[in-house]
Amino acid sequence: MNKIANRQVMCETLIDEAKQNQDIVVLTSDSRGSASLVAFAESQPKQMIEVGIAEQNIVSIAAGLAHSGKRPFVASPACFLSMRSIEQIKVDVAYSNTNVKLIGISGGVSYGALGMSHHSLQDIAVTRAIPNLQVIIPADRFETKAVFRYLAQSDQPAYVRLGRNPVEDCYQAELTDFEVGKAVTMRNGNDVTLIATGETVRVALDAATDLEAQGLSVRVLNMHTIKPLDQKAIVKAATETKLIITLEEHSIYSGLGAAVAEVVSANRDGAAVKILGIADEPAVTGKTKEIFDHYGLSTENIKQIVTEHLL
Amino acid sequence: MVNLKKKALEIRKDVIEMIFHAKTGHTGSDLSCTDILVALYYDVMNIDPRNPDDPDRDRYIQSKGHAAEVYWAVLADKGFIEKEELKTFSAFGSRLIGHPNNKVDGVEMNTGSLGHGLSIATGIALAAKMDNKSYHTFTLLGDGELAEGSVWEGAMAAAHYQLDNLTAIIDRNGLQITGASEDVMKVEPLANKWRAFGWEVIEVDGNDIHALSEELHKQPVDGKPTCIIAHTVKGKGISMAENAAGWHHRVPNQEEYDQAIAELDMQLEALANE
């Protein structure tokens, strides 16, 4: 299985796009190494802006650049970008409507052993409550490439979260039909729906394989866009399958699961929604897989939930 | 050539009218920086209300966004909006809200959260350098605002990138909502702080509109951003509001309104007799 970090794909795609469009600029907060953007700096030095360790400043400067016709990509750790800079994101980007792409790198529990200061498990909650801000979390290298191709052309403010570590592929080949705001049906089924985003899409796919071996029909939706949310796909899943399980590398509060539940609860005959994510506590530290297993983002736990609800 | 002193008095009258009728506004903050906005908009900046998106226009970012009334009054007088629209200030659904709103022609960016404007202006000035554009970027900060740490992030970056096409004006009226700025959070030695951050610093009487204009017209020092510390009087032009922290966002009652307008009219008359 191919394992390539999404941030590396981001760098390659941005180099390619920046060569074609001189207005694309990348800003880092002493984060070019952690964002895998050293190659970008070497390839496109005039399109690289270093701001130093100043996450509020980086967002406002990017907004000023965007207001002057540039197409800035801000690459900074998700834990800082989505918290320390959130007012700049709200006012200077979303409210002023500047074309800034906010790339939260090493999102979720990517910095597994570094503790709560470095985990970003509230970023979906915060960003999805800000009007005029798209929220996107690609699943693997193919989707990351498609997302950055889209971002290079889009004129809308967006927050994109990427993980730090290499992830296994969810797709077999390059995507030609990526559409923001439209969930991808990775597998179709009629008993249970797993709705996942980012690195948990792989977890959902693996669980689906296991469940199908037990004779269940499992639908897997890749909700790469949290905002705008594909409500149609959710309502369809809520009416066509008996149970929805959401998976996210985020607090169980106010993230993907909550967004799905908001849609399902407004629907008369909705399926039950079970939200899987990180418990409301300073998350246990360790490797991503260990943390996922600990909080039940695992095939075992999903099998157990399905058994309790459906069998 | 516009009579700048006369214009500043007329704008002050518009500000008082707006605040009195809307029953909301930042009276003291507006009056303190009125001369600064008049100098910029009537004498210094290259702007054209008929072409508000001109790529070569000078840029103005009002970081102390709460002084919105004076901004609206200037934009209306310059012709960016109809003067009639000033009557909608703060009304339900109006675009003329209590902070700059970029749905209005002439307003570059939304502000209101203090400590953002300098960094935004830094981004705009940096873009000009990257594109070899000759426009100049101005930003206006309050002195109480300088307690925001992000101001100093911006100050560092502007000097690092040698943005001599950027001027930050500090409305140094010495007062903020709680009282004297030096009591709330000491910012002195202010000029030395900016110098230490790599800026060229100029101090001027910010209510002496001609002196201020002269400084704003000066050629910047190569490779250095300019900080103009404009020493101003909060509430300038209306005796009861001058140097009174309580007038930061106080709304005049009928009696105070009558007195304010009478005082401004007297100053206009005196000016006409000069």
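More than 12 heavy atoms of other residues, nucleotides or ligands sit less than 6.0 Å from atom CG of Leu114(A). The 12-atom threshold is not exceeded at CD of Glu82(B), counting heavy atoms of other residues, nucleotides or ligands nearer than 6.0 Å. Within a 6.0 Å radius of CZ in Arg84(A), other residues, nucleotides and ligands contribute 12 heavy atoms or fewer. When the shell of 6.0 Å around OH of Tyr253(A) is examined, it contains 12 or fewer heavy atoms from other residues, nucleotides or ligands. Within 6.0 Å of NZ on Lys23(B) lie more than 12 heavy atoms contributed by other residues, nucleotides or ligands. With a 6.0 Å radius and a threshold of 12 heavy atoms from other residues, nucleotides or ligands, Lys193(B) has its NZ atom above the threshold. Around atom CG of Asp222(B), no more than 12 heavy atoms belonging to other residues, nucleotides or ligands sit under 6.0 Å away. Residue-environment remark: NZ (Lys87(B)) stays at or below the threshold of 12 foreign heavy atoms within 6.0 Å.
A side-chain donor-acceptor contact under 3.5 Å links Glu87(A) and His116(B).
Side chains of Val25(A) and Met130(B) form a contact here, defined as non-hydrogen atoms less than 4.5 Å apart. Inter-residue side-chain proximity for Ser113(B) and Tyr95(A) is flagged as unmet; no heavy-atom pair is nearer than 4.5 Å.
Both the backbone and the side chain of Ile49(A) come within less than 4.5 Å of a heavy atom in chain B. Using a 4.5 Å cut-off between heavy atoms, Val59(A) makes no contact with chain B at all. Within the 4.5 angstrom heavy-atom criterion, no atom of Lys90(A) approaches chain B.
Within the model, atoms CD1 of Ile120(B) and CG of Asp92(A) stand 3.5 Å from one another, a figure rounded to the nearest 0.5 Å. Asn57(A) contributes atom CG, which lies 6.5 Å from atom OG1 of Thr122(B) (distance to the nearest 0.5 angstrom).
Residue Ser68(A) comes nearest to Ile124(B) through the heavy atom pair OG-CA, 3.5 Å, listed as atom of the first residue, atom of the second, then distance.
Residue with the most contacts toward chain B among Val51(A), Val91(A), Leu65(A): Leu65(A) (heavy-atom pairs, distance under 4.5 Å). Between chain B and the residues Lys46(A), Lys70(A), Glu55(A), Gln47(A), the most heavy-atom pairs under 4.5 angstrom are made by Lys70(A).
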Under the criterion side-chain contact (heavy atoms from CB on, under 4.5 Å), I'd like the reasoning laid out for Glu50(A) against Tyr161(B): C-alpha separation, chi angles, the key distance, then a yes or no. CA-CA 10 Å; Glu50(A) 180 59 67; Tyr161(B) 284 103; 4.1 Å; yes
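Of the possible donor and acceptor atoms, one in the side chain of Ser96(A) sits under 3.5 Å from a partner among the backbone N and O of Asn110(B). Looking only at distances, no side-chain donor or acceptor of Gln56(A) sits under 3.5 Å from a matching main-chain atom of Ser150(B).
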